[in-house]
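One structure below.
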Amino acid sequence: MHRSIFSVITALLVLMYNTFTGSAQGTIGVNYGKIADNLPPPDKVIALLKSKNIARIRIFEPYPDVLQALPGSGLQVILGSLNSDLPQIGGDPAFAAKWVQTNVFPFASNVPFRCISLGNELIPSELAQTILPAMQGLQRALIAANLSIPVTTTVHQAVLSASYPPSAGTLSPGAANFLVPIAQFLKANNYPLLFNAYTYFPYRDNQKDIRIDYALNNATEVVVRDGNLGYTNLLDASVDAFYYALEKGGVSNLEVIVSETGWPSAGGDAPATINNAQTYNQNMINRMKNNVGTPKSPGKGLETYIFALFDENLKANGTEQHFGLFYPTMEPVYPIQF
Ligand SMILES: *[C@@H]1O[C@H](CO)[C@@H](O)[C@H](O)[C@H]1NC(C)=O
Ligand SMILES: *[C@@H]1O[C@H](CO)[C@@H](O)[C@H](O)[C@H]1NC(C)=O
Ligand SMILES: *[C@@H]1O[C@H](CO)[C@@H](O)[C@H](O)[C@H]1NC(C)=O
């Protein structure tokens, strides 16, 4: 009797704890890109993330120094692979086994891996045909090592040939050839698909037709009506266009993670300002925290990763170098509250 009351109380406390602290941290992460020669060491970076209540990261490849610093940090990790490794991961079981033994197995008991992404923005490209075999090969290698970690891939908005209004969302024929079988595999295994979704680039390229508040997540009213659904922001519209496009490809209710989104704070293009970057990211965080989901998938928290943690000085000159929330000194580019 006492025991069961105790466990009910414990369950309630856990529920309250998750309600008050878990949901905000639960859905938002950052991309820890390292295309720079002036970043702090991983242990300092992890301390920074924890001090800001950032609980999830995505890394683009299995950087040994980052992997070694992660155990015990509690950070959830999306682990990427080098694009150039895909043919061997899919074609050579020994290579896939070694990849797991080097990059995953030694850390897996102390690092919660959210998923492993094979290929970043490879559809369309000449490597697109290597993605599904690589996912299958790595899945076999993970199972052989007794690891239960989802495998997936990361696509960008260029897979869509139409996205306005969201219900018109359609995969381009070139993308559908590769992405539909991949989405079927993910759905069958209950794995998520990663989608990089920026509102900055469409807005930059079409300021005449796209309202700035719609692009910056700070519109206070519905801007785009699509049948029964009303959109206040272009990020929700992009994600829903992707859901609609996958449905037309025959795959419904696949879990989509927004693996990259963000806004540059500098670099030359007029909309790339500190004020706009702060507005975009803070309003996005505030919306995601409330787990409102998208108009097509209401109430379903959308896991979202901001690009990026740091400004990266070895990326292409211009705005590409200025997507960071932090300078390499770890000073914030602008205040942001997770
Ligand atoms: C996987 O788990 C099974 C059952 O728990 C065990 O017998 C086997 O040795 C494990 N294999 C590896 C590679 O750890
Ligand atoms: C949205 O934010 C931008 C940049 O901070 C600002 O210029 C604009 O007035 C804001 N719009 C609304 C509707 O609050
Ligand atoms: C960026 O511009 C600087 C100075 O103009 C140049 O030295 C550097 O090589 C450029 N970097 C890249 C990645 O293009």
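Note: hydrogens, waters and symmetry copies are ignored here, and every other heavy atom, side chains too, is used. We count ligands from 1, going down the list as the structure has it; atoms in each ligand are counted the same way. Residue numbers run from 1 in the order of the sequence given.
- Under the rule for a side-chain hydrogen bond (donor to acceptor under 3.5 Å, both in side chains), Gln157 has no partner lying at least two apart in sequence or in another chain.
- Within the cation-pi definition used here (under 6.0 Å to the ring centroid, within 45° of the axis), Lys34 does not qualify as a partner of Phe60.
- Among the atoms of Asp213, none of the N or O lies under 3.5 angstrom from an N or O of ligand 2.
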Do Ile35 and Gln321 pass the side chain to side chain contact (heavy atoms under 4.5 Å, CB included) test, and can you show the C-alpha distance, the side-chain angles, and the key distance before you say yes or no? CA-CA 9 Å; Ile35 305 183; Gln321 296 187 354; over 6 Å; no
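- Here Ile212 has no heavy atoms under 4.0 Å from ligand 2, in either its backbone or its side chain.
- Under the 3.5 Å distance criterion, with hydrogens and angles disregarded, a donor-acceptor pair is assigned to the side chains of Thr154 and Ser117.
- Only side-chain heavy atoms of Asn276 come within less than 4.0 Å of ligand 2; its backbone N, CA, C and O stay farther off.
- Nearest residue to atom 3 (C) of ligand 2 from Thr273, Thr220, Asn218 is Asn218 (criterion: closest heavy atom).
- Proximity of Thr279 to ligand 2, defined as any heavy-atom pair under 4.0 Å, is confined to the side chain (atoms from C-beta onward).
- Less than 4.0 angstrom separates atom 5 (O) of ligand 2 from at least one non-hydrogen atom of the protein.
- Applying the salt bridge (charged side-chain N to carboxylate O under 4.0 Å, His left out) rule to Arg140 yields no partners; only residues at least two apart in sequence or on another chain are considered.
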